[in-house]
Amino acid sequence: MPQAIAETIFDVFYLGFAILTGVTMLLRGEGPLVKKAGWMTFLLGAGDSFHLVPRCWALWTTGLEANAAALGFGKFVTSITMTVFYLLLYYIWRDYYRAGERRVLTAAVWGLAAMRVALCLLPQNQWLTYRQPLLFGVLRNLPFAAMGVLIIYIFAQKGKETGDRTFRHIPLAVGLSFGFYLPVVLFSGVLPAVGVLMIPKTMAYVWIIVICRRLWRREQKG
């Protein structure tokens with residue numbers, strides 16, 4: 001019961017913040033950059049709700065294993081939406097820094113995203129089972145991690161090159177999100193307590209939202 005109470009409170013605040021912030025930027029934002037940030041933020045909250053809402057339900061009712069299919073489907077949806085999240089973050093980088101088309105880099109980001117989605121669609125993932133194969137958990141996250149490394153590098157490189165401080169913490173926030181997430185992928189099956197790292201991982205995403213929200217706040221100030 002304490003776990004159910006704590007997780008539910010955390011998830012309600014997180015999902016409410018992400019979805020409300022995303023909708024606010026979409027409805028009140030004017031420029032395309034703010035709109036992209038709005039879609040990215042809304043997608044984060046909406047996608048995560050597919051996993052977190054069934055998880056809260058499971059904790060309050062018959063348990064996680066009894067709701068394995070709903071949790072697995074939610075995890076699948078979140079895997080796809082998180083991939084799109086990083087695609088949108090890439091385009092925010094490209095537009096904000098006026099980096100141009102960057103055909104090779106864009107092709108690399110899209111290629112990794114397509115690879116990630118294709119791996120997620122394979123039936124070998126066994127999404128609807130309670131204990132999913134570790135091998136495919138690792139495989140589908142390899143291109144995802146590579147996307148994260150690219151995002152970290154390009155934001156750090158442009159921040160250093162331009163001296164602009166708007167996105168100076170994005171590399172750290174993205175790095176922390178992956179740093180907390182990867183141990184869960186690798187060890188949660190044998191050491192369930194590692195799953196608690198999903199909380200700081202989620203807070204890293206909240207940090208990314210707060211950073212991108214500044215685009216809208218700046219636009220509002222004129």
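In this text the structure is predicted, and so the values were computed from the model without any measurement.
Two different hydrophobic clusters hold Phe85 and Val149 under the rule that ILVMFWY side chains link at heavy-atom gaps under 4.5 Å. Leu44 and Val117 end up in different hydrophobic clusters when Ile, Leu, Val, Met, Phe, Trp and Tyr side chains are linked at under 4.5 Å. Follow the hydrophobic side-chain contacts under 4.5 Å out from Leu89 and you reach Trp207 in the same cluster. Hydrophobic cluster membership differs between Met147 and Val77, with clusters built from Ile, Leu, Val, Met, Phe, Trp and Tyr side chains linked at under 4.5 angstrom. Trp57 and Trp127 are assigned to two separate hydrophobic clusters, defined by single-linkage of ILVMFWY side chains at heavy-atom distances under 4.5 Å.
When ring centroids are compared, Phe50 and Phe76 stay outside the 6.0 Å threshold. The aromatic ring centroids of Tyr14 and Tyr205 lie 6.0 Å or more from each other.
Note: Phe167 and Phe155 have perpendicular aromatic rings, judged against thresholds of 30 and 60 degrees for the angle between ring planes. Ring geometry, Phe144 versus Tyr181: the interplanar angle exceeds 60°, so the pair is classed perpendicular (tilted spans 30 to 60°).
Between Leu71 and Pro54 the shortest heavy-atom distance is CD2-C, 3.8 Å. Contact detail for Gly137 and Val185: the closest heavy-atom pair is O-CG1, 3.6 Å. Cys120 and Ser79 make their closest contact through SG-CB, 3.8 Å (heavy atoms, listed as atom of the first residue, atom of the second, distance). A pairwise comparison of heavy atoms in Gly47 and Thr81 identifies CA-OG1, 3.5 Å as the closest pair. Shortest non-hydrogen contact noted between Gly45 and Ala18 is CA-CB, 3.8 Å.
Within the model, atoms CH2 of Trp216 and CG of Leu33 stand 15.0 Å from one another, a figure rounded to the nearest 0.5 Å. Of the inter-residue distances, the one linking Met25 atom CE with Cys212 atom SG reads 7.0 Å to the nearest 0.5 angstrom. If you take CD1 on Ile211 and CD1 on Ile170, they are separated by 4.0 Å, rounding to the nearest 0.5 Å. Once rounded to the nearest 0.5 Å, the distance linking CG of Leu15 with SG of Cys56 reads 8.0 Å. Atoms CE and CD1, from Met40 and Ile209 in turn, are 7.0 Å apart once rounded to the nearest 0.5 Å. In this structure, CD1 on Ile80 lies 5.5 Å from CG on Leu121, to the nearest 0.5 angstrom.
The shortest distance between side-chain heavy atoms of Arg140 and Arg116 falls below 4.5 Å. When side chains are defined from C-beta on, Leu88 counts as touching Trp39, because their heavy atoms get closer than 4.5 Å. Between Ile154 and Tyr90 the shortest side-chain heavy-atom distance falls below 4.5 Å. The closest side-chain heavy-atom distance from Leu105 to Leu150 is below 4.5 Å. In this structure, Met203 and Phe10 have side chains that are in contact, with non-hydrogen atoms separated by less than 4.5 Å. Taking 4.5 Å as the limit, some side-chain heavy atom of Val109 sits within range of a side-chain heavy atom of Leu87. Put simply, the side chain of Pro200 does not reach to within 4.5 Å of the side chain of Leu176, judged on heavy atoms. For the pair Trp60/Ile5, a side-chain contact is recorded, criterion being any heavy-atom separation below 4.5 Å from C-beta on.
Heavy-atom contacts from other residues, nucleotides or ligands closer than 6.0 Å to CZ of Phe73 number 12 or fewer. Around the CZ atom of Phe13, the shell of radius 6.0 Å holds no more than 12 heavy atoms that belong to other residues, nucleotides or ligands. Atom CZ of Arg214 has more than 12 heavy atoms from other residues, nucleotides or ligands within 6.0 Å. Heavy-atom contacts from other residues, nucleotides or ligands closer than 6.0 Å to CD of Glu161 number more than 12.
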Practice prompt. Show your working on ring-ring contact (aromatic ring centres under 6.0 Å, His included) between Tyr86 and Phe178 and close with a plain yes or no.
Written response: CA-CA 12 Å; Tyr86 278 106; Phe178 277 96; 5.6 Å; yes

Worksheet item: Does the side-chain contact (heavy atoms from CB on, under 4.5 Å) test come out yes or no for Arg55 and Leu64, once each step is laid out?
Response: CA-CA 7 Å; Arg55 182 176 173 86; Leu64 299 176; 3.7 Å; yes

Fill in: Check against side-chain hydrogen bond (donor to acceptor under 3.5 Å, both in side chains), Tyr96 and Thr166
CA-CA 10 Å; Tyr96 182 80; Thr166 303; 2.8 Å; yes

Worksheet item: Yes or no on side-chain contact (heavy atoms from CB on, under 4.5 Å) for Met82 and Thr78, after CA distance, side-chain angles and deciding distance?
Response: CA-CA 6 Å; Met82 284 306 308; Thr78 300; 4.0 Å; yes

Worksheet entry | Candidate pair Arg213 and Thr41, rule side-chain hydrogen bond (donor to acceptor under 3.5 Å, both in side chains), full reasoning | CA-CA 9 Å; Arg213 187 171 175 265; Thr41 302; over 6 Å; no

Discussion item. With side-chain contact (heavy atoms from CB on, under 4.5 Å) as the criterion, how do Leu197 and Val194 come out once you've worked through the C-alpha distance, each side chain's angles and the decisive distance to 0.1 Å?
Written reply: CA-CA 6 Å; Leu197 292 176; Val194 174; 3.9 Å; yes

Worksheet item: What's the verdict on side-chain contact (heavy atoms from CB on, under 4.5 Å) for Ile208 and Val174, showing C-alpha distance, side-chain angles and the deciding distance?
Response: CA-CA 8 Å; Ile208 295 173; Val174 173; 3.9 Å; yes

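One N or O on the side chain of Asn125 and one on the backbone of Leu119 form a donor-acceptor pair closer than 3.5 Å. A donor-acceptor pair under 3.5 Å links the side-chain atoms of Lys35 to the main chain of Leu26, judged by distance alone. At least one donor-acceptor pair closer than 3.5 Å links the side chain of Arg168 to the backbone N or O of Arg165. Of the possible donor and acceptor atoms, none in the side chain of Arg102 sits under 3.5 Å from a partner among the backbone N and O of Arg94.
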